[in-house]
Amino acid sequence: MALAQLKQDATDARLAALSMPEGGWSAAARRDALGRLRAMGLPGRRDEYWRFTRPDTLNQPAPPPAAVLDHGEAPVFDAVDRLKIVFVDGVFDAAASDDLSLEGVTIERLAEARGDIHWARDLYGTLEARGQDPVQRPFAALNTAFATDGLLVHVHGTPSRPISLIYRHADTGSDAILHHVLRVDSGASVTVLENGPAAARFNKCMEIDLADGATLHHVRAQGRDHERRAVTHLFARLGSESVFKSFTLTANGMLTRNEAVIEFTGDDAVAHVAGACVGDGDFHHDDTVFVTHDAVNCESRQVFKKVLRNGATGVFQGKILVKAGAQKTDGYQISQSLLLDGDSQFLAKPELEIYADDVACSHGSTSGAIDEEALFYLRSRGVPSGPATDLLTLAFLAEAVDEIEDETLAAEIAGRLEAWLERRRG
Amino acid sequence: MLEINNLQVKLEEEDKQILKGVNLSIAPGMVHAIMGPNGSGKSTLSYVLSGKDGYEVTGGSAALDGAELLDMEPEERAAAGLFLAFQYPVEIPGVGNMTFLRTAVNAQRKARGEPEMSATDFLKEVRSRAKDLKIDAEMLKRPVNVGFSGGEKKRNEILQMAMLGPKMCILDETDSGLDVDAMKLVAQGVNALRSEGRSFLVITHYQRLLDHIQPDVVHIMSDGRIVKSGGPELALEVENNGYADILAEVA
Ligand SMILES: Nc1ncnc2c1ncn2[C@@H]1O[C@H](COP(=O)(O)OP(=O)(O)OP(=O)(O)O)[C@@H](O)[C@H]1O
Ligand SMILES: [Mg+2]
């Protein structure tokens with residue numbers, strides 16, 4: 001009772017600080033999400049799904065301040081030819097953005113798509129609501145209800161350039177809530193990039209609907225600001241023969257919770273979600289993934305690698321649910337951490353739940369230190385201990401980075417990881 | 001070239017003395033062989049010289065061209081010209097063989113204040129040296145030693161040695177696991193590297209390798225000491241009679 005009351009109070013306090021944008025076509029979905037949020041409440045420390053990650057600073061009405069990091073380097077993806085769409089502290093920046101026009105796709109802003117009729121009406125909040133069962137995701141419901149902006153992207157062809165969402169952080173106290181909806185039509189194909197810290201606290205939700213034979217490549221790099229906090233959700237529904245590949249790089253960040261909720265509804269589809277994270281000191285990174293196979297002959301892969309030092313914490317909660325009838329499912333899940341010292345920790349909860357008999361599912365989770373034998377071998381060939389350790393660390397991360405299909409993007413990510421490690425060698 | 005004086009080594013974790021006063025002097029251009037029963041300390045000697053953790057030097061010294069080896073980090077010893085072909089080469093998943101070789105070559109050059117080798121020069125040299133050792137392009141691309149057969153791993157060690165061009169080469173049972181043809185390849189690889197300024201210490205159990213790589217001096221190691229030294233005929237004696245006679249004679 002006392003716990004429920006605490007939860008209720010926390011939820012009320014947060015809601016009091018928020019105001020729901022004027023809705024138009026999204027109003028019903030927003031009200032529905034608010035109702036769901038009130039019913040479930042914000043997460044509490046006793047919630048099983050939040051056992052390894054403290055939600056307090058995500059719950060509280062205003063975010064703890066986060067300094068803006070000026071690293072003086074070119075932002076990730078700067079060299080990539082792309083359509084740039086910039087948000088600063090969650091506010092669209094027209095001057096810094098390209099025109100929202102690109103062949104094969106229509107892009108609109110959530111904040112501007114008013115009126116009562118819109119193609120996104122069937123999707124906005126729909127995949128999020130589906131993703132609330134069997135596990136509750138209160139921050140996603142909060143997002144649907146209160147998102148101030150976001151993009152509505154309808155891909156009907158194959159754009160020649162990636163769509164690149166750039167999240168800048170300028171205000172140390174900013175609290176941003178963005179909600180994107182992506183529909184990729186049958187046979188269409190697109191690459192979406194995201195990068196930047198976004199805000200002191202960032203709540204982002206992306207709902208992705210892949211029609212039969214659609215393809216989405218998603219590569220994101222969460223910003224390097226040390227004190228930033230983020231809770232993000234990806235909800236993806238995959239039609240038959242569709243392909244979804246998502247990779248996330250996380251370097252720094254006091255608190256990051258990335259949830260990916262993937263559902264196969266059509267046969268012969270492929271979904272890969274991967275992540276490489278590197279944390280030093282006050283760093284808590286949580287990957288929470290839920291893959292539901294509800295179709296035949298689909299392939300899912302989860303590849304998550306974490307490099308942790310100076311007391312950093314990594315969390316992985318990953319589930320593969322294979323429903324009855326989802327035969328020929330090929331499910332793979334690996335989560336591994338490399339602990340560069342004794343203070344860091346990795347907490348993992350891998351789960352398989354299978355109701356079909358003709359499936360191949362495997363999962364593994366390991367936590368280990370640098371391989372001393374390999375390190376000595378490299379040093380005996382003249383590679384000094386620092387670079388040799390980095391080489392082995394990058395090799396550890398490689399399986400996740402290799403999930404990025406585009407070689408240029410993969411090289412960009414690998415280069416960032418290498419530079420991060422190098423900076424720590426001083 | 002290599003001067004080892006009364007070297008005494010124990011295990012760091014246990015109170016177990018492994019090397020009990022090893023003396024060895026190898027002049028430039030010479031090939032020395034060490035034979036000896038299993039567990040006599042041959043690999044330990046090679047590891048201690050190259051700087052592996054886990055051993056504690058309790059006495060003595062080892063110098064390469066006058067520089068005290070035992071005070072250096074493993075990478076400094078490598079840059080100073082020491083090379084060990086491992087008895088059990090290590091697999092490194094995720095690190096490509098080429099990347100590994102190139103990183104090593106350039107790290108040593110950097111340590112010696114030399115410019116890096118250009119990508120094209122490097123490729124040219126690797127390809128030609130790999131060809132001599134019948135290492136194909138696919139093996140060069142694979143992660144270091146991962147999925148290599150025993151013999152392939154040993155040939156890969158010799159490729160590294162050839163690329164790094166060390167002064168003092170220690171080969172720890174490079175012949176074990178090699179078929180007859182591979183043994184010839186490896187021996188040719190070693191012989192091609194023989195020069196006035198380069199010395200070899202070949203650890204082996206068999207005369208076979210020494211048929212191809214002719215040693216100037218043969219040592220017998222037993223229980224952490226070199227108990228007998230002689231010419232190539234000593235290896236033949238071991239081959240024919242085993243260690244019993246020799247050990248009895250020095251006991
Ligand atoms: N790290 C270690 N931990 C425990 N024992 C060790 C270790 N290293 C060496 N030894 C012991 O030291 C002795 C010498 O081992 P070493 O490997 O040097 O022998 P070797 O002469 O190379 O033998 P082989 O001919 O079988 O290769 C052995 O008794 C071995 O068990
Ligand atoms: Mg040995």
Side-chain angles (χ1 to χ4, degrees), chain A residues 247 274-278 303-307 334-338 340-341 364 366-404 407 410-411 413-415 417-419 421-422 425, chain B residues 46-55 69 72-97 99-112 114 143-146 153 156-157 159-166 169-170 172:
Chain A
F247 172 89
C277 91
V278 286
V303 182
F304 288 89
K305 301 267 186 161
K306 300 181 198 294
V307 173
I334 182 108
S335 64
Q336 293 181 308
S337 75
L338 178 62
L340 294 180
D341 53 53
T366 65
S367 196
I370 283 279
D371 179 351
E372 290 296 332
E373 295 282 324
L375 184 62
F376 174 64
Y377 192 60
L378 280 161
R379 295 180 72 188
S380 78
R381 296 310 182 236
V383 186
S385 151
T389 304
D390 288 2
L391 198 60
L392 295 174
T393 305
L394 290 170
F396 165 79
L397 292 166
E399 188 186 358
V401 178
D402 286 348
E403 288 293 326
I404 305 172
E407 280 180 21
I413 296 295
L417 287 165
E418 193 176 349
L421 293 170
E422 224 174 89
R425 264 200 272 127
Chain B
S46 70
Y47 283 145
V48 169
L49 290 175
S50 37
K52 194 174 193 215
D53 279 344
Y55 303 99
L69 276 177
M72 298 183 204
E73 296 295 333
E75 55 268 29
E76 293 169 338
R77 302 177 196 209
L82 184 76
F83 180 90
L84 168 65
F86 284 54
Q87 180 172 1
Y88 305 107
V90 179
E91 298 188 2
I92 314 184
V95 177
N97 215 6
T99 310
F100 168 70
L101 272 171
R102 183 140 185 250
T103 308
V105 166
N106 283 330
Q108 293 204 8
R109 286 181 166 234
K110 192 174 164 195
R112 292 194 289 255
E114 296 163 14
V144 181
N145 293 326
V146 177
K153 284 180 182 167
N156 201 29
E157 294 289 289
L159 174 64
Q160 292 164 34
M161 186 169 87
M163 288 302 297
L164 293 168
C169 310
I170 305 173
D172 191 358

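Letters A, B, ... are given to chains in the order of the sequence lines, protein chains preceding strands, and every chain is numbered from 1. All values reported here derive from a predicted model rather than from experimental measurement.
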Exercise. Return the minimal non-hydrogen interatomic distance between B:G51 and A:F376, and the atom names on each side.
Key: C-CE1, 3.5 Å
Self-check item: B:I92 and B:N145, any side-chain heavy atoms less than 4.5 Å apart
Solution: no
Quiz item: Should the heavy atoms of other residues, nucleotides or ligands under 6.0 Å from CD of A:E407 be counted, would the total exceed 12?
Solution: no
Quiz item: What residue, out of A:P384, A:A398, A:A374, has the most heavy-atom pairs lying under 4.5 Å from chain B?
Solution: A:P384
Exercise. Find the one option among B:A79, B:P89, B:G94 whose heavy-atom pairs under 4.5 Å with chain A are most numerous.
Key: B:G94
Quiz item: Do you know which of B:P143, B:P74, B:A104, B:G96 has the most heavy-atom pairs under 4.5 Å to chain A?
Solution: B:P74
Quiz item: Between B:V90, B:D53, B:L82, which residue shows the highest count of heavy-atom pairs closer than 4.5 Å to chain A?
Solution: B:V90
Quiz item: Salt bridge check: are A:R379 and B:E76 linked by an N-O gap of less than 4.0 Å?
Solution: no
Exercise. Sort B:V105 into side chain, backbone, both or neither according to what part of it lies under 4.5 angstrom from a heavy atom of chain A.
Key: neither
Exercise. Write down the atom of A:C277, the atom of A:L397, and the distance for their closest heavy-atom approach.
Key: O-CD2, 4.4 Å
